[in-house]
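Here is the structure we will look at, set down as structure tokens.
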Amino acid sequence: MSKRVAVVTGGIGGLGTEICKTLARAGRTVIAADLGAREERIAQFRQDVDGLDVHFESGNVGDFDACGALVRKVEAERGPIDILVNAAGITRDGTLRKMERTDWDAVLNINLDGVFNMCRHVVDSMTTRGFGRVVNISSVNGQTGQFGQTNYSAAKAGMHGFTMALAREVARKGVTVNSVSPGYCETAMVMAVPEDVRTKIVEGVPVGRLGKPSEIARTVEFLTNDEAGFITGANIPVNGGLFMSF
Ligand code: CAA
């Protein structure tokens, strides 16, 4: 069997980079899809993944047609996409009374529309071939809500609704769809939270520390494995115990 092909959106981001590396080390050909026109950042990424079967493609998940073009390019150059990890995400934090309409639109467009835009172009081929693994990177803040994140919490909760609905549609076709909900991890996104606020949040984490991107990547790898075909529609929390539930 040829190597499985994986696309990771937000692939050069804090979690995305680690997910790309982990999937490549597990024997997949990985395409990191992310915004182009950031030469330094992309050069750094290429250095980080040096020696691994990881390739960069520019694309904006918020743009439906651009996602279609990206998928067609990957399929033409590398073959059909077996694994899709939707890890592209942004924050525009602010209390609702201060939130601009543009902050709402940007977060919903990238974090939630982006999942539709990618899945819509990828899933038909997965169901036709009888194999696929989709993992949506949601958030603990989609499960609990977070002060200053009406936009982000709504998008992340919406992602898991999408996960459950699509999981039902494709379950008989060998395609699984799951969410992973990270807690606060060592990423630039979390480091952008004001230090005093962040310190208080970490104090409330039972494990007593930030998560490592590798801890999220490991969970994604587990769900994308060929052997993980009986796990679908699930939301796996990886949050140091910040939110516990049935
Ligand atoms: N709960 C209750 N009240 C709070 C609060 C909280 N968590 N945080 C602040 N407040 C109160 C303040 O004490 C203040 O009260 P007073 O008006 O009575 O003095 C008031 O709310 C401040 O309200 P403002 O609208 O003025 O808020 P602000 O502009 O000062 O700051 C904020 C708002 C920018 C959202 C800031 O609280 C913040 O950055 N919070 C962190 C948000 C966060 O966790 N983001 C996560 C980003 S990382 C990520 O999202 C990754 C992931 O998936 C986990």
Side-chain angles (χ1 to χ4, degrees), residues 8-20 22 34-35 41 61-62 85-116 118 134-164 178-221 223 234-245:
V8 180
T9 72
I12 72 172
L15 297 180
T17 302
E18 206 55 39
I19 293 169
C20 289
T22 302
D34 213 316
L35 294 177
R41 181 110 184 255
V61 297
V85 181
N86 288 303
I90 59 168
T91 51
R92 294 283 185 276
D93 293 352
T95 50
L96 184 70
R97 67 194 178 92
K98 291 183 186 167
M99 189 175 289
E100 301 293 341
R101 175 76 209 201
T102 49
D103 297 328
W104 173 266
D105 288 341
V107 169
L108 270 288
N109 176 239
I110 301 300
N111 299 17
L112 186 56
D113 293 352
V115 176
F116 168 80
M118 286 301 295
V134 178
V135 178
N136 294 323
I137 306 299
S138 182
S139 167
V140 65
N141 292 343
Q143 298 177 283
T144 63
Q146 170 62 316
F147 187 99
Q149 286 199 310
T150 49
N151 49 4
Y152 187 86
S153 298
K156 292 298 188 180
M159 268 174 115
H160 189 58
F162 179 102
T163 292
M164 294 188 288
N178 292 289
S179 300
V180 171
S181 284
Y184 286 77
C185 294
E186 292 165 1
T187 61
M189 182 185 274
V190 168
M191 291 309 164
V193 173
E195 198 180 346
D196 54 327
V197 178
R198 201 173 62 235
T199 303
K200 270 207 192 107
I201 291 171
V202 176
E203 280 169 8
V205 178
V207 167
R209 63 170 173 84
L210 294 172
K212 297 181 197 313
S214 60
E215 292 171 313
I216 308 304
R218 195 164 176 271
T219 310
V220 173
E221 199 286 308
L223 290 171
N235 183 19
I236 312 291
V238 190
N239 61 30
L242 181 58
F243 175 62
M244 299 184 191
S245 68

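One-based numbering, in listed order, for ligands and for the atoms of each.
Separating the CD atom in Glu221 from the CD1 atom in Ile19 is a distance of 11.5 Å, to the nearest 0.5 Å. We find the OG1-CD1 distance between Thr219 and Ile236 to be 8.0 Å, quoted to the nearest 0.5 Å. Of the inter-residue distances, the one linking Ile216 atom CD1 with Glu186 atom CD reads 10.5 Å to the nearest 0.5 angstrom. Note that CG of Asn111 and NZ of Lys156 are 4.5 Å apart. Values are rounded to the nearest 0.5 Å. Atom-to-atom distance recorded for Tyr184:OH and Leu210:CG is 10.0 Å, nearest 0.5 angstrom. Once rounded to the nearest 0.5 Å, the distance linking CG of Asn86 with OG of Ser138 reads 11.5 Å.
Remark: atom 16 (P) of ligand 1 lies closer than 4.0 Å to no protein heavy atom. The nearest protein heavy atom to atom 4 (C) of ligand 1 is closer than 4.0 Å. Under the 4.0 angstrom criterion, atom 51 (C) of ligand 1 counts as having a protein heavy-atom contact. The protein does not reach atom 30 (O) of ligand 1 closely, with no heavy atom under 4.0 angstrom from it. Counting protein heavy atoms under 4.0 angstrom from atom 19 (O) of ligand 1 gives zero. Atom 13 (O) of ligand 1 lies below 4.0 Å from none of the non-hydrogen atoms of the protein. Within the 4.0 Å cut-off (strictly below), a protein heavy atom is located near atom 9 (C) of ligand 1. Closer than 4.0 Å to atom 34 (C) of ligand 1 lies none of the heavy atoms of the protein.
Looking only at side-chain heavy atoms (C-beta outward), Arg218 and Val238 stay at 4.5 Å or farther from each other. Side-chain atoms of Ser139 and Gln149, non-hydrogen and from C-beta on, never get closer than 4.5 Å to each other. In this structure, the side chains of Thr187 and Pro213 come closer than 4.5 Å at one or more pairs of heavy atoms. Two residues are said to be in side-chain contact when any heavy atoms from C-beta on lie closer than 4.5 Å; Leu15 and Ile137 meet this criterion.
Each of the following atoms of ligand 1 lies closer than 4.0 Å to a heavy atom of Tyr152: 49 (C), 50 (O), 51 (C), 52 (C), 53 (O). Close approach of ligand 1 to Val197 (heavy-atom distance below 4.0 Å) involves ligand atoms 40 (N), 41 (C). Within the listing of ligand 1, atoms 42 (C), 43 (C), 45 (N), 46 (C), 47 (C) sit less than 4.0 angstrom from a heavy atom of Asp93. Atoms of ligand 1 lying under 4.0 Å from any heavy atom of Ser139, numbered from 1 in the order shown and given with element: 52 (C), 53 (O), 54 (C). Close contacts of ligand 1 with Gln146, meaning ligand atoms under 4.0 Å from a residue heavy atom, involve 43 (C), 44 (O). Counting atoms of ligand 1 from 1 in the listed order, those under 4.0 Å from a heavy atom of Asn141 are 50 (O), 54 (C). Close contacts of ligand 1 with Gly148, meaning ligand atoms under 4.0 Å from a residue heavy atom, involve 35 (C).
Remark: of the listed residues Asp93, Leu96, Val107, Thr95, Leu96 is the sole one forming a side-chain contact (heavy atoms from CB on, under 4.5 Å) with Thr150.
For atom 28 (P) of ligand 1, the closest non-hydrogen atom of the protein is Lys98 NZ, 3.9 Å. Nearest non-hydrogen protein atom to atom 11 (C) of ligand 1 is Phe147 CZ, 3.8 Å. Closest to atom 23 (O) of ligand 1 among all protein heavy atoms lies Arg97 NH2, 3.9 Å. Taking atom 25 (O) of ligand 1 as the reference point, the nearest protein heavy-atom neighbour is Thr95 OG1, 2.5 Å.
Residue contacts with ligand 1, taken as heavy atom pairs separated by less than 4.0 Å, involve Pro194 solely via side-chain atoms from C-beta onward.
For atom 47 (C) of ligand 1, the nearest non-hydrogen atom from the set Thr187, Val140, Val193 comes from Val193. Ranked by closest heavy atom to atom 46 (C) of ligand 1, the top entry among Gln149, Met191, Arg92 is Gln149.
Under a 4.0 angstrom heavy-atom cut-off, Lys156 registers as lying outside contact with ligand 1. In this structure, Ile201 counts as a contact residue of ligand 1, since one of its heavy atoms falls inside 4.0 Å of the ligand.
For ligand 1, the polar-atom distance check finds no N/O of Thr91 at less than 3.5 Å from any of the ligand's N/O atoms.
Not a single salt bridge (Lys or Arg N to Asp or Glu O under 4.0 Å) links Arg97 to another residue, sequence neighbours left out.
Side-chain atoms of Tyr152 and Asp103 include no donor-acceptor pair closer than 3.5 Å.
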